[in-house]
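Presented below is the structure to which this report refers.
Every chain is numbered from 1, with letters handed out A, B, ... down the list of sequences. Reckoned from all heavy atoms, side chains included, excluding hydrogens, waters and symmetry mates.
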There are 2 protein chains.
Amino acid sequence: MAIVDPSLVAHLPLFAGFSTDELGEILREARSARFARNSAVFEQGEEALSFYVLLHGHVRASKTTPAGEQVVVRYVAPGETFGVAMAIGLQRYPATATAVDDSVVLAWPSAAWPRLVAKFPALATNTLQTVGSRLQETHTRVVEMSTQQVEQRVAHALLRLAKQSGRKVEHGVEIDFPISRQDIAQMTGTTLHTVSRILSGWEQRGLVESGRQRIVLREPHKLFVLAETVPGETEPPIRP
Amino acid sequence: MAIVDPSLVAHLPLFAGFSTDELGEILREARSARFARNSAVFEQGEEALSFYVLLHGHVRASKTTPAGEQVVVRYVAPGETFGVAMAIGLQRYPATATAVDDSVVLAWPSAAWPRLVAKFPALATNTLQTVGSRLQETHTRVVEMSTQQVEQRVAHALLRLAKQSGRKVEHGVEIDFPISRQDIAQMTGTTLHTVSRILSGWEQRGLVESGRQRIVLREPHKLFVLAETVPGETEPPIRP
DNA sequence: GCCAAAGTTTGCGTTGGCGCAACGTCGACG
DNA sequence: CGTCGACGTTGCGCCAACGCAAACTTTGGC
């Protein structure tokens, strides 16, 4: 019997199109594991022994440059796969995965991937779609970094996080895991100082409410307008 | 009989692991087409009716923002696939593909993809690997844009182009297709003015030789050192 | 062979955002 | 409940790169 009830994961994109029996067979090869907040699931450069599905919590994937600078590649939300290095032809993890909250994962041995794919080709096509989506998102990020200023990039980043991992609260949408100014800086290609200044500004304008590792979007729509507004541009002129 | 001799494309990553017969069956569904320099293979937002393998020439994939700014996503070299929107779950092309040189492509109807993948699952795993590689490359680009200055990013971009599409010439390596300052600016997230200034500087130092839509790397190694050098940093200090 | 268009170069003033530094504040842990 | 460490804020000076503008060069079309 599998470690996890198939019905709990049947709806995930990775398992689209599978019968309960097939799912059971796949799940039988997985183990489940828990990672405490701030612990590493795997480290950049390590041999890619497993691939994962996140069940609960949140995981940050980040790359460290030779010079020691870190860049956040993405945040993983529950239901998403990560660490699929083997599937895309890598022997080693290209990034570090850190649990930013207490997290629970399903883990398969990477060695099982070829056999699983041989038996269940839909795994490959499903993974192709999710990797494709990530490629699109990363291209979007490149376009933003090429054409927009820091304030807009930060706005976009927060809106994306809120969409992916937002939790409705009293006065807006709160990002549902601990996130620092530094983290946001590493997502948007700037410094924590600049992020701090931007958030302070927004706070005074009532757009957000934020504190230690905590951000609430109070006016997501206004933030969206700000994110789309070309800096030099003002409101569309009203005809006299 | 197929339009293209199987032996000509058997070595491509997309077709890894296929027999000549299988390859023939796949190629039978393709048509070949020629695109003149500066003509569009497909446009961003168009319905993704085909996917392609580039046989000869060079193709630029670029995205246009709502504000009208363009960003170069990548350059496609012979042997590479492009326009695989359908495989990654898109109905429409997310970018425009332009032949930067007279080019020849193989084109399959996107509609054939599901059937081909069903019959030849290795197509999916091969594509997964190439899309995975592109994701890695794009992440590298994000990291560079986040941590490096313009001069280094331009150096990296040229070195990558030289590796992918370099042609040995008398005094170095020439990038084997027409490429403007503007193109390089759109690859590295800067302006054509800044690129022009940087290339002028390098030209005086004898690192490159360049002209109208033409760039020769005369000292690739020195360029590599420059690309890796942290701006503030000088040569490692010599002990007294 | 001439002209228009496209690509490139370069000067100059401006500025967004960085780097540094100092200080403030919250929370966890003993 | 006090202390220490991590996180956040803010002022200030600076500079890499941008934006604008003008001039120059090459090339392809007619």
| said: Between B:R37 and B:E151, which residue's closest nucleotide on DNA chain D lies nearer the 5′ terminus? | reply: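 Closer to the 5' end of DNA chain D: B:E151.
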Euclidean distance, atom [atom1] of residue [X] to atom [atom2] of [N] [Å, nearest integer]:
X      : N      : atom1 : atom2 : answer
B:M145 : C:dC18 : CE    : C1'   : 17 Å
A:I184 : D:dG8  : CD1   : P     : 8 Å
B:R214 : D:dT25 : CZ    : C1'   : 14 Å
A:R153 : C:dG16 : CZ    : P     : 14 Å
A:N38  : D:dC7  : CG    : C1'   : 13 Å
B:L192 : D:dA17 : CG    : P     : 15 Å
A:W202 : D:dG8  : CH2   : P     : 15 Å

Side chain of [X] only, please: which of [options] is the nearest?
X      : options               : answer
B:S200 : D:dA17, C:dT10, D:dC7 : C:dT10
A:R181 : C:dA21, C:dC18, D:dG8 : D:dG8
B:Q213 : C:dT8, C:dG17, D:dT9  : C:dT8

| remark: Note: B:R37 and B:V100 closest approach over all heavy atoms is CG-O, 3.5 Å
| said: Are A:F51 and A:F82 an aromatic pair, judged by ring center distance below 6.0 Å? | reply: no
| field | NZ/NE/NH1/NH2 to OD/OE distance under 4.0 Å, B:R153 and B:E144 | value |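 No.
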| request: Taking only the side-chain nitrogens and oxygens of B:T191, find out if one of them lies under 4.0 Å from OP1 or OP2 of D:dC18. | output: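 Yes, such a contact exists.
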| query | OP1 or OP2 of D:dC7 sitting under 4.0 Å from any side-chain N/O of A:Q182? | reply |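 For D:dC7, OP1/OP2 do not have a side-chain N/O of A:Q182 under 4.0 Å.
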| Distance-only, no hydrogens or angles: does the B:S146 side chain make a donor-acceptor pair with backbone N or O of B:V142 under 3.5 Å? |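 Checking the backbone N and O of B:V142 against the side chain of B:S146, a donor-acceptor pair under 3.5 Å is found.
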| Do A:K63 side-chain atoms and A:T96 backbone N/O form a donor-acceptor pair below 3.5 Å? |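 The answer is no, because no donor-acceptor pair under 3.5 Å joins these two groups.
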| task | Using only heavy-atom distances, decide whether a donor-acceptor pair under 3.5 angstrom links the side-chain of B:H193 to the base of C:dT10. | result | yes
| message | On the side chain of B:R197, is there an atom forming a donor-acceptor pair with the base of D:dG19 - under 3.5 Å, no angle test? | response | yes
| task | With heavy atoms under 4.0 Å as the rule, sort B:S196 into base, sugar-phosphate or nothing. | result |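 The residue B:S196 makes base contact.
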| task | Return the 5'-most residue of the pair A:R212, A:G189 with respect to DNA chain C, ranking by each residue's nearest nucleotide. | result | A:G189
